[in-house]
Amino acid sequence: MELSVAFPPAKPCISASKFQAPPTKLYSRSIKIHSRPPLLRLKGAIRAHDADQALSLSGATDDDGFVLEDVPHLTNFLPDLPSYPNPLQKSNAYAIVKQTFVSPEDVVAQKIVVQKGSPRGVHFRRAGPREKVFFRSEEVRACIVTCGGLCPGINTVIREIVCGLNYMYGVDDILGIEGGYRGFYSKNTLQLTPKVVNNIHKHGGTFLQTSRGGHDTKKIVDNIQDREINQVYIIGGDGTQKGAALIYKEVEERGLPVAVAGIPKTIDNDIAVIDKSFGFDTAVEEAQRAINAAHVEVESVENGVGIVKLMGRYSGFIAMYATLASRDVDCCLIPESPFHLEGQGGLYEFIEQRLKENSHVVLVLAEGAGQEYVAQSMHAINEKDASGNRLLLDVGLWLSQKIKDHFTNTRKMAISMKYIDPTYMIRAVPSNASDNVYCTLLAQSAVHGAMAGYTGFTVGPVNSKHAYIPIARVTETTNTVKLTDRMWARLLSSTNQPSFLNNPEGLRGKVDEAILEEINSMRFNSI
Ligand SMILES: Nc1ncnc2c1ncn2[C@@H]1O[C@H](COP(=O)(O)OP(=O)(O)O)[C@@H](O)[C@H]1O
Ligand SMILES: O=P(O)(O)OC[C@H]1O[C@](O)(COP(=O)(O)O)[C@@H](O)[C@@H]1O
Ligand SMILES: [Mg+2]
């Protein structure tokens with residue numbers, strides 16, 4: 001029988017130090033299922049074979065198009081690593097659970113809407129506790145680091161990693177790395193216990209502090225080695241996960257028995273593969289307060305124009321969901337959807353029409369929207385932050401000014417402009433109840449994965465089932481709002497705003513020619 005599995009190429013069984021790091025790019029290959037290698041018992045430990053776990057995914061044939069995009073396992077480069085029975089076997093919490101351990105055959109499908117006869121497609125390993133663990137509890141020294149921008153729920157994830165390790169696996173040596181990646185080599189560590197982290201989930205921000213920039217793989221791994229850390233939990237966005245992949249590769253090259261687990265974090269919800277990033281719901285909820293305030297303000301004056309600027313560097317998810325949730329928003333502008341101000345079908349015309357109808361209008365603006373216009377008007381240079389992310393110009397201020405100028409000078413209409421910028425407020429709050437539950441699941445899944453010897457993985461829900469995803473899969477692309485998907489159409493139907501696509505010529509010279517081409521071809525295809 002043949003099984004199609006996607007994972008880095010198998011490496012010869014030679015000493016760990018001689019291993020080459022596998023290429024990041026995953027590829028798909030067919031491998032035969034042989035009779036499973038014997039499990040040798042030695043002194044209460046079980047010798048495992050990495051292929052054992054992948055190959056036990058029986059029952060699939062290559063002609064049904066089943067692909068497993070597997071995550072690395074410590075035994076890939078440390079084949080003699082002993083394993084032990086999972087202490088959860090004796091856990092009160094799991095005492096009456098029907099199936100404590102996730103079967104090695106359990107996988108999560110990336111696509112759940114399929115057609116009859118279509119290939120089964122890509123799958124990820126299901127997250128959760130495994131029968132065998134590759135660490136003795138008393139030998140674990142774990143560390144947690146948080147990097148990048150803030151997001152509601154980071155503290156809950158930290159808390160639940162600490163409590164999960166301690167309560168489920170009896171681990172009591174957990175270090176907090178302070179101030180992001182650079183904290184590995186520039187700061188002292190913090191000892192984390194359930195008591196220390198008991199209340200942190202009630203606060204926004206990160207208990208461990210964070211930073212941008214400062215990723216130096218060699219220095220970080222030197223530090224991991226010097227401190228004898230063997231489990232690394234890394235909470236952060238796309239940049240952080242890229243850094244985590246480099247740490248994992250370096251760890252593998254050095255042949256260290258260190259599990260590297262990534263927990264994806266970003267307020268922008270732009271991480272690929274996973275359903276949604278934690279804190280996103282909280283941020284959307286918090287954004288309602290700002291939208292509400294804008295609405296109250298502009299409803300109370302004549303010709304009130306409210307603008308609310310929300311986060312979203314390259315993707316407008318927060319703006320889109322906040323708009324859909326609110327129903328007080330007349331128009332939502334996101335980076336993915338180019339807009340134009342002047343002429344037929346433009347923003348000025350739309351605002352004037354709504355002012356005539358309702359005497360007020362509320363616009364929600366993602367910070368990454370219309371950056372081309374702002375850059376043109378300010379002759380700005382492309383500045384970057386310490387992590388290399390482009391620093392955005394304030395589109396909110398620019399748009400408020402443009403609208404004021406247009407109505408006062410060109411249209412000779414008095415308007416009352418209220419510009420609200422709650423960007424940092426929506427990500428600095430503690431997470432709401434549903435995000436807290438989500439964070440708990442993420443943290444526990446990460447702990448189970450690391451204890452089971454998986455490494456170089458990111459954890460997250462795929463079609464609402466938590467899975468272990470190869471890091472490269474979540475960093476190779478960024479999630480953006482697809483204008484061709486139904487969700488954006490739902491928003492347009494809800495606000496009844498212009499799509500700005502009916503007059504692509506109005507965009508000429510203002511947005512990238514490639515975007516215009518795309519719009520034209522979309523229109524052509526949909527006619
Ligand atoms: N391509 C990369 N390789 C290695 N480290 C990176 C990379 N991109 C970002 N980082 C590091 O990850 C951390 C966070 O990245 P940043 O982009 O600021 O936030 P986020 O992880 O939320 O996207 C920073 O310390 C940065 O140095
Ligand atoms: O001012 P900071 O801390 O750099 O953060 C601003 C950026 O952080 C974000 O909230 C999210 O960015 P990350 O996910 O990369 O951390 C962006 O929406 C925003 O542009
Ligand atoms: Mg990022």
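If you're wondering where the values come from, they're calculated on a predicted model, not measured in any experiment. In each ligand, atom 1 is the first atom listed, and ligand 1 is the first ligand listed. Position 1 is the first residue of the sequence; numbering continues from there. When reading the values below, keep in mind they use all heavy atoms of this one structure, side chains included, and skip hydrogens, waters and symmetry mates.
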(request) With heavy atoms of Asn389 as the reference, note each atom of ligand 1 found under 4.0 Å away. (result) 16 (P), 17 (O), 18 (O)

(request) Let me know which of Ile318, Leu363, Val364 forms a side-chain contact (heavy atoms from CB on, under 4.5 Å) with Thr323. (result) Val364

(request) Return yes or no for this condition: an N or O of Gln241 is under 3.5 Å from an N or O of ligand 1. (result) no

(message) For atom 25 (O) of ligand 1, tell me which residue out of Gly213, Cys151, Gly243 has the closest non-hydrogen atom.
(response) Gly213

(request) For Gly148, take its heavy atoms, then give the atoms of ligand 1 lying under 4.0 Å from any of them. (result) 14 (C), 18 (O), 19 (O), 22 (O)

(message) Tell me whether Lys309 is salt-bridged to Asp394, with the criterion being a basic N under 4.0 Å from an acidic carboxylate O.
(response) yes

(request) Run the contact test for Arg182 against ligand 1 with a 4.0 Å cut-off on heavy atoms, strictly below, and give the result. (result) no

(request) Output the list of atoms in ligand 1 that are nearer than 4.0 Å to some heavy atom of Leu246, sorted by atom number. (result) 3 (N), 4 (C)

(message) With a cutoff of 4.0 Å, is Thr266 in contact with ligand 1, counting heavy atoms of the residue only?
(response) no

(request) May I ask you to list the atoms of ligand 2 that are less than 4.0 angstrom from any heavy atom of Ile267? (result) 10 (O), 11 (C)

(message) Hydrogens and angles aside, do Lys482 and Thr480 bring a side-chain donor and acceptor to less than 3.5 Å of each other?
(response) yes

(request) Check ligand 2 against Thr266 and write out every atom of the ligand that is under 4.0 Å from a heavy-atom position of the residue. (result) 14 (O)

(request) Would you mind finding which of Arg313, Lys265, Met311, Arg212 brings a heavy atom closest to atom 10 (O) of ligand 2? (result) Met311

(request) Compute the shortest N/O to N/O distance between Asp385 and ligand 1 and return yes if it is under 3.5 Å, no if not. (result) no

(request) Could you tell me if the ring centre of Phe339 sits under 6.0 Å from that of Tyr373? (result) yes

(message) Check this for me, if you would: do Arg390 and Glu383 make a salt bridge, where the nitrogen-to-carboxylate-oxygen distance has to be below 4.0 angstrom?
(response) no

(request) Classify the side-chain pair Ser315/Asp268 by whether it contains a donor and acceptor separated by less than 3.5 Å. (result) no

(request) Examine Tyr181 against ligand 1 and note whether any of their N/O atoms are separated by less than 3.5 Å. (result) no

(message) Considering non-hydrogen atoms of the protein only, which is the closest contact for atom 19 (C) of ligand 2, and what is the distance?
(response) Glu367 OE2, 3.1 Å

(message) Closer than 4.0 Å to some heavy atom of Gly149 - which atoms of ligand 2 meet that?
(response) 16 (O)

(message) Tell me which N, O or S atom from Asp238 is the closest to the Mg ion (ligand 3).
(response) OD1

(message) Check this for me - ligand 1, Lys242, N or O atoms closer than 3.5 angstrom, yes or no?
(response) no

(message) Determine whether Asp435 and Thr282 satisfy the following criterion, side chain to side chain donor-acceptor pair (under 3.5 Å), listing intermediate values before the conclusion.
(response) CA-CA 7 Å; Asp435 270 324; Thr282 306; 2.5 Å; yes

(message) Does the residue Gly312 have a heavy-atom contact with ligand 2, meaning some pair of atoms that are separated by less than 4.0 Å?
(response) yes

(request) Take Arg254 and Gln225 through the test side chain to side chain donor-acceptor pair (under 3.5 Å) and record every step on the way to the result. (result) CA-CA 10 Å; Arg254 296 189 194 185; Gln225 210 169 350; 2.8 Å; yes

(message) Using a 4.0 Å cutoff against the non-hydrogen atoms of Tyr424, which atoms of ligand 2 qualify?
(response) 1 (O), 2 (P)

